[in-house]
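Just below is one structure, and these are the notes that go with it.
Along the sequence shown, residues carry numbers from 1. Just so you know, ligand 1 is whichever comes first in the structure, and atom 1 is the first atom listed for that ligand. Quick caveat: nothing in here was measured; it's all calculated off a predicted structure.
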Amino acid sequence: MKVDKFTIDLRSDTVTRPTTEMREVMHQAVTGDDVFAEDPEINELQRKCAQFFGMEAGLFCPSGTMTNQIAISVHTRPGDEVICDKLSHIYHYEGGGVARLSGASVKLLNGDRGRFTSEDVVKAINPSDSHYANTSLVSLEDTCNKGGGSIWDEEEILAIHKVAKSNSLSMHLDGARLWNTIVARGIHHNTAALKQYGSNFDSISLCLSKGMGCPVGSVLIGTEAFIAKAHRARKVFGGGMRQAGIVAAAGSYALDHHLDRLEEDHLHAKMLSEASLKNNHVASVSKVETNICILELVPGIDSADLAKQWGELGIACFPFSPTSIRFVTHLDVSRSQIEMACSLLSK
Ligand SMILES: *Cc1c(COP(=O)(O)O)cnc(C)c1O
């Protein structure tokens, strides 16, 4: 597909390029060797992310896959079982890393757009009988990417937390898209609410290269003791970096300047959803909760063919399944581009 500067690129929020201001901050970054924990920008970003959700410490890593897989490897032993939803990124999109890197298996739950209940977790915990794998971890994803950017109900998270704690299970959150959740829920400036949210989990993985618009980077947060183990795992996984403050600086900049604007992405996704409903190839549109909009196509329409057709009109999108298309809004699509896409789609 031809993607040029005229294309309205709705394939993913990972396509954003660092802004001029962000590049300037990266240019000015003071760096050090992070393997010796001497990079001031990395130390600052780790502290900022941890503090944001009331956690003790953070660890800067190259990707969200790495932060998730490090967390899983710290929370489990080979042969253990991880409870997660069938749509979860850790299961679907991380190359089988749970098995390959941690020697663990997964018990998949059949949730609602990636969200399951505390009763589902109760039923999924194996008995402490040597025939069964030892259940040691529950992993949630908020928002759930494959669920179409769906947001969890915090009451349910708390109920799952209680089940997990009474069964000695760890709780991990794949919060690659957590920024979208907190902005959609309007709690992103509420320190107490953010701390309360964070207290449900033993670890949270946060991505900076999606809605936040950074070129690279994820941060894993948790207790001091957890992060010390994660640090060792990061070395083993080959994720130790040196003067990476040059990219961490972009992360701190994004936390200060790109969080509030996610509201705009959410509005843009709603606009696309309304326009798509008028398109005669579209049967239905998933409920838009954040910056992702999934279109179910009318029977007989092939998503790859339609994506190609729309691509030629200047709208780049992602065939999500043979019968569905995904739009993701982000920093690099403007209101006028969204209006343009809406008018093309509603024809
Ligand atoms: C993007 C994403 C990740 C991490 O993906 P990377 O490509 O490794 O950065 C993890 N979980 C979710 C839900 C994501 O959307």
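The shortest N/O to N/O separation between T143 and ligand 1 does not fall below 3.5 Å. Polar contact check, R177 against ligand 1: a nitrogen or oxygen pair lies under 3.5 Å apart. Ligand 1 has no nitrogen or oxygen under 3.5 angstrom from a nitrogen or oxygen of M66.
Neither the backbone nor the side chain of T14 comes within contact range of ligand 1; no heavy atom lies under 4.0 Å. Of all the heavy atoms of T65, the ones lying under 4.0 Å from any atom of ligand 1 are found in both the backbone and the side chain.
What sits closest to atom 9 (O) of ligand 1 on the protein, heavy atoms only, is G64 N, 3.2 Å. Counting protein heavy atoms only, atom 14 (C) of ligand 1 is closest to K210 NZ, 2.9 Å. Among all protein heavy atoms, the one lying closest to atom 11 (N) of ligand 1 is D174 OD2, 2.6 Å.
Side chains of N279 and H281: a donor-acceptor N/O pair is absent below 3.5 angstrom, by distance only.
The residues D120 and R115 are annotated as not salt-bridged, no charged nitrogen and carboxylate oxygen being separated by less than 4.0 angstrom. The existence of a salt bridge linking K308 and D302 is excluded, since no basic side-chain nitrogen approaches an acidic carboxylate oxygen closer than 4.0 Å.
F201 and Y197 have tilted rings, their planes meeting at an angle from 30° to 60° on a 0 to 90° scale.
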| For E94 and N68, what are the C-alpha separation, side-chain angles and deciding distance, and is it a side chain to side chain donor-acceptor pair (under 3.5 Å)? | CA-CA 9 Å; E94 299 187 6; N68 279 333; 2.9 Å; yes
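Near E141, with a cut-off below 4.0 Å to any heavy atom, the atoms of ligand 1 are 13 (C).
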